Amino acid sequence: MDFVILSLIMLSIGIYGLLTNRQLLKVFISVELIATAATLNFVMLASSMGVGLGQAFLILAFSTDTAVSGVILALLVIVSKKYGTSDMAKIIQILQSKGESEDEAQ
Amino acid sequence: MIFEILAVGLIISAVLALFLDEVIYSVAALAGTFFFTAFLYVENGALYAAIFQIAVGVGTLAILFLSGEMLGDKPKMQTSPIRVGALVGAGAVLSLPAIFLSVSGSTGTTSGLDFGDALWNVRGLDVVLQALVILTVALGIAIVLYEKKKKGGQ
């Protein structure tokens, strides 16, 4: 069952990327890697046990994954259009300066 | 031996996908991750899973290429070959546990249910309902776009 270690490594890389990357598209790629790690473990376990149901349930995992990807991409496009960048650090700076100017106005 | 090669390729492409500076190169590396995953499925006898992986992966990659080109901030400097080499080396080192370590467990249990039976007997209804939901969404989008076009024309 070497694939358990393999999917654990993939999951660790994905979580590390999720925590450290500032670009929103890289965050999306990290989410994809985490989803791939989960499905890899699921399918490899099912096929090594000879259970066809594992592959059948993979369709559900893929459709959920695709729906999540769609929602993330939609949010990403909205945020990028609103703030003109997909860098999280820059977006936080813009939000902070906006908050400070609102405080001064009050 | 094939599993080890595929595992090393998978981890290296995952590391490259996350840590390359340019988004387009990252997406290309993610394509490698999807294809290595599909080959791992084929190697393990899960052919249908490999087909689904490639089908879904191609769609995701197409959207990611487009959004990466549209939204990705251009890096100030080009990625140096030394950095790429370091990332490949890091990926190779990270994949070593998958080659040398193993988790023991029983995989002897087999069920008589093959893929076709499992899909149509256990998941037939929700696959059809899923297709119905996707069709409804597609029709809804088409109607909204048609109405928008009609209003724009007037």
Side-chain angles (χ1 to χ4, degrees), chain A residues 1-10 12-14 16-18 20-30 32-33 35-37 39-40 42-63 65-66 69-70 73 76-77 79-81 85-87 90, chain B residues 3-4 7 10-11 14-15 17-19 23 26-27 29-30 33-34 37 40-41 44-49 52-53 55-56 59-60 63-64 67-68 70-73 91 94-95 97-99 101-111 113-119 122-123 126-127 130 134:
Chain A
M1 290 171 76
D2 302 337
F3 54 87
V4 178
I5 307 281
L6 181 65
S7 53
L8 258 177
I9 296 167
M10 282 274 288
S12 317
I13 293 170
Y16 180 76
L18 200 63
T20 56
N21 271 312
R22 292 182 309 166
Q23 272 228 344
L24 289 173
L25 273 168
K26 291 282 179 74
V27 171
F28 178 65
I29 289 174
S30 304
E32 282 294 321
L33 283 181
T36 308
T39 49
L40 179 78
F42 189 66
V43 172
M44 296 288 266
L45 181 71
S47 60
S48 67
M49 290 176 82
V51 184
L53 198 60
Q55 288 186 65
F57 271 101
L58 181 75
I59 302 171
L60 187 69
F62 274 145
S63 53
D65 182 31
T66 311
S69 306
L73 266 175
L76 208 153
V77 170
V79 168
S80 301
K81 270 192 172 177
T85 180
S86 60
D87 194 323
K90 285 179 189 168
Chain B
F3 174 83
E4 281 80 6
L10 183 64
I11 299 294
V15 169
L18 274 186
F19 299 109
V23 177
S26 291
V27 176
L30 188 69
T33 310
F34 285 151
T37 313
L40 265 173
Y41 291 161
N44 217 37
L47 188 64
Y48 292 107
F52 293 140
Q53 176 71 47
V56 172
T60 310
I63 293 169
L64 264 174
S67 50
M70 267 167 45
L71 309 172
D73 296 334
L94 276 173
S95 64
I99 296 168
L101 297 179
S102 179
V103 176
S104 60
S106 76
T107 53
T109 319
T110 52
S111 77
L113 214 59
D114 70 335
F115 177 71
D117 290 339
L119 188 63
V122 186
R123 300 218 45 231
D126 63 311
V127 167
Q130 210 171 304
I134 293 168

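Computed from a prediction, not measured in an experiment: that's the story for all the values here.
- Rounding to the nearest 0.5 Å places CG of A:L6 at 11.5 Å from CG of B:L94.
- Remark: B:T33 engages B:S13 in a side-chain hydrogen bond (donor to acceptor under 3.5 Å, both in side chains) (not counting sequence neighbours).
- Between B:N44 and A:S47, the closest heavy-atom pair is ND2-OG, 2.8 Å.
- For the pair B:A14 and A:M10, the tightest heavy-atom approach, listed with the atom from each and the gap, is CB-SD, 3.9 Å.
- By the 4.5 Å heavy-atom criterion applied to side chains, A:I9 and B:L10 are not counted as neighbours.
- A:V77 has its side chain out of reach of B:S67: every pair of non-hydrogen atoms, C-beta onward, lies at least 4.5 Å apart.
- Heavy atoms from other residues, nucleotides or ligands lying under 6.0 Å from CZ of B:F3 number more than 12.
- If you measure heavy-atom distances from A:T39 to chain B, the contacts under 4.5 Å come from both the backbone and the side chain.
- Side-chain contact between A:V43 and B:T37 is absent, with no heavy atoms from C-beta onward closer than 4.5 Å.
- Once rounded to the nearest 0.5 Å, the distance linking CE of A:M44 with OH of B:Y41 reads 8.0 Å.
- Separating the CG atom in A:L58 from the CZ atom in B:F52 is a distance of 7.0 Å, to the nearest 0.5 Å.
- Here the shortest heavy-atom pairing between A:I13 and B:L18 reads O-CD1, 3.1 Å.
- The residue among A:N21, A:T66, A:D65 with the most heavy atom pairs within less than 4.5 Å of chain B is A:N21.
- Residue contact with chain A, scored on non-hydrogen atoms closer than 4.5 Å, involves the backbone of B:L47 exclusively.
- Side-chain contact between B:L30 and A:F28: absent, with no pair of heavy atoms (C-beta onward) separated by less than 4.5 Å.
- With contacts defined as side-chain heavy-atom distances shorter than 4.5 Å, the pair B:Q53/A:F62 qualifies.
- Using a 4.5 Å heavy-atom cutoff, the side chains of B:L40 and A:F3 are not in contact.
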